[in-house]
Structures are given as C-alpha cells and as structure tokens.
2 protein chains.
Amino acid sequence: MSEDVDLVVADLADSAFRVAGLLRANFHATAAELGLPPAQAMALANLSAPAPMRELADWLKCDASNVTGIVDGLERRGLVKRRPDPEDRRVKHLVLTEEGERKRALLRKGSHAHAVTLFDLPEKDLLRLRDLLKRVADAGVGIDVASGCK
Amino acid sequence: MSEDVDLVVADLADSAFRVAGLLRANFHATAAELGLPPAQAMALANLSAPAPMRELADWLKCDASNVTGIVDGLERRGLVKRRPDPEDRRVKHLVLTEEGERKRALLRKGSHAHAVTLFDLPEKDLLRLRDLLKRVADAGVGIDVASGCK
DNA sequence: TATTGTTATACTCTATAACTATA
DNA sequence: TATAGTTATAGAGTATAACAATA
C-alpha cells in the first residue's frame, strides 16, 4: 500500500515552509546586524551589477512605487547611488558604492554560510534534493496562483 | 570530480526560496479572496483548537503585542472570540466562530490544492523529496540564526 | 517577581492612484 | 500613447517600552 499522497504533500509543504523560514530568518538577522531592514537587504543582495530601478521592482516582485522608498533608504545609508541613463533620461541606474559592495558581500557571505550549515547532507542526498527541488520550483512558475490550474 | 558543494547549496537555497515563495503567494492570494490580510490568515490557519493568545504569538514568531491587533481584526470580522480562562484570569482563549471555522477550512483547502499541483512528481520522487526536506527542516531548528553554529 | 494581554509609538512594507518627464 | 520614476496616501505588519491585572 502506498502512503496517502495528500498527507505526503501536506508534509512536504510544511517542510518547505520551515526550511525557507529558517533561510529567511537568518537573512533578516544578518541584515539586522548590518543595520539593514529586510527589503533594503533583499534589494542590495540582488544588485550584482548596475540596474534600472524598474528591474529591481521586477526582482522584488513589488510595485515600482515601493522601489523609490527602498532605494531612498539605501541611498541615505550611502550604499547606492542613482545614476541617470544618458541614453534614456527617464531611467536611473542603481550603482553600489564601495560601502555598498562591502555590505553586499557580507550579506551574501552570511546567508551562504548558514545555508551550508543547514543543508548538511551527504553529497548524494544533497544532489538529489537539489534536483528534485529545482524541478518543483521550475515547474511551479507556470502555475496560476490561487487557482491550482496550469 | 564532484560538483562544487558551495554551488549546489546556493542552488538549493534558491530553489527552496522559490518554492516557498510560490506556496506563500498562493496562500496570500487565497487569503485575499476570503478578504483576509496575510497575518490574520496565518493566525486563522493555525487555530486548530481554542488556544491562548500567547500560543499564537509563539506560532507566528512575533511579539505578543502584535497578536492583539491581529486578533482584533479577526474578531472584527466575526471569525474568532476571546474567551477568558476561568482558571487563570490573565489568559484569554481564542475560539473560532462558525464562520471562522468555515473560512479556515476554505483557506486550508486552497493551500492544499495548490500544493498538490505544485508538487506534481512521481510517487517515488515525492516520497524522497519529503524525506530529504524533512531531515533538513528538523535538523535546522537547532541551528543558531545568523551565526552558522550549532 | 514573573506572566498575560493591552496600549502607545515608531518604522517598515505594500498597493493604488495621480503626477512628471521623457520616449 | 506608453514607460520610468516620483509623490501622496492608506492599510498592514512588526518591535520596543510602559502598563494593568493576575499569578
């Protein structure tokens, strides 16, 4: 007899939430140590290269109007600068300052160290877990939210 | 040659975040359809039986002072009632109304339907993923946040 | 003294809508 | 007309500190 799929899925969703919660809690704690609110930290972590503000809104999956405030905070802290695009004068590119680069590196270092400790599995299991979870994550982008239909 | 563990872990953390993000986005959307803000929905989902407000604060991992506002919202919507504990008159138990039970069921039904669609894997993989993720989640509770040390 | 729940306060996050300046 | 970014506004989530009632 096979296990009840509903139960397995419920278990799975619970574990996924818990694991992500642990990752997020650590990210927030690391951010707090660096004096950064969560959203600003998330923005900073995503700024691998100069990018228009619009792009940041897409990354953070939030309305463009929020980005203004988040970037205001990062600019107030001296971590990014707004640089107007000479080609299209509506666009402003976000450029990290030296201090911004430094904090970004610390932020990523902290997250990664925690992840390594968290995903403490034998290599075979680690690879298996990565493959399975990636399949779910990749397939999931095509699923309509709150409808359950593809 | 084995793959670089750092890369695998980074990939894994990314997938875990994405999967949890999908689950959460769906939960919020389902909550919104029921006219519930996220925190109130989360509280409602956790109220399987009458519980003291303090317990809810632990579940939600937030300060007790927040719970007052969240429960105010649920009470305003007629979904829960505060019932004083006769044994310890400091304590108030949260009891779902009939409408509260109804919305709670709908909320859980929506989440679960989405999870079933999301975790659309052959049974063998499904069980494997559940086991691996559960191991990580269970082990993770013992890890200090933002320090990476056990 | 310690704990439960409340209030007051402040900061942050988020979406909507109306606006500007460009394209 | 459409797009990038801003402003104003309002609702929501969160933590801190001080407090009342009770244990």
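Letters A, B, ... are given to chains in the order of the sequence lines, protein chains preceding strands, and every chain is numbered from 1. Atom set for the values below is all heavy atoms of this structure, side chains included, hydrogens, waters and symmetry mates excluded.
Nucleotide dT4(C) holds its P atom 12 Å from the NE2 atom of H93(B), rounded to whole Å. Rounded to whole Å, the distance from CD on E55(A) to C1' on dG5(D) is 15 Å. For the pair R24(B) CZ and dT14(C) P, the interatomic distance rounds to 11 Å; values are reported in whole Å. Rounded to a whole Å, the NZ atom of K81(A) is 19 Å from the P atom of dG5(D). Distance, L56(A) CG to dT14(C) C1': 14 Å, rounded to whole Å. In this structure, M53(B) atom CE and dA20(D) atom C1' are separated by 15 Å, rounded to whole Å. When rounded to the nearest whole Å, the span between CZ of R82(B) and C1' of dT4(C) equals 12 Å.
Side-chain heavy atoms closer than 4.5 Å link hydrophobic residues (I, L, V, M, F, W, Y) into clusters, and following such links, even through other members, never connects F27(A) to L23(B).
The pair D58(A)-R54(A) meets the salt-bridge criterion, since a charged nitrogen lies less than 4.0 angstrom from a carboxylate oxygen.
Surrounding CZ of R83(A) are at most 12 heavy atoms belonging to other residues, nucleotides or ligands under 6.0 Å away. The environment of R77(A) atom CZ is dense: over 12 non-hydrogen atoms of other residues, nucleotides or ligands sit within 6.0 angstrom.
Contact annotation: R54(B) side-chain N/O to dT6(C) OP1/OP2 distance is not under 4.0 Å.
For the atom pair E55(B) CD and H93(B) NE2, the distance stands at 9.0 Å (nearest 0.5 Å). Annotation: the span from L133(B) atom CG to R130(B) atom CZ amounts to 11.0 Å, rounded to 0.5 Å. The distance from the CG atom of L126(B) to the NZ atom of K124(B) is 13.0 Å, given to the nearest 0.5 Å. A distance of 11.5 Å separates CG of L12(A) from NZ of K134(B), quoted to the nearest 0.5 Å. One distance of note links NZ of K103(B) with CD of E98(B); it measures 14.0 Å at 0.5 Å rounding.
Annotation: proximity of residues 34-43 of chain A to DNA chain D (heavy atom, distance under 4.0 Å) is found for no residue. Listed by residue number, the members of residues 67-79 of chain A with any heavy atom below 4.0 angstrom from DNA chain D are T68(A).
Side-chain contact between L44(B) and L34(B) is absent, with no heavy-atom pair separated by less than 4.5 Å. V80(A) is listed as a side-chain neighbour of L47(A), based on a closest heavy-atom distance under 4.5 Å.
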field: Contact letters for nucleotides 15-23 of chain C, in which S counts primed atoms plus P, OP1 and OP2 and B counts the base, heavy atoms under 4.0 Å
entry: BBB---BBS
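Of the candidates dG5(D), dT6(C), dT4(C), the closest approach to any side-chain atom of V91(A) belongs to dG5(D).
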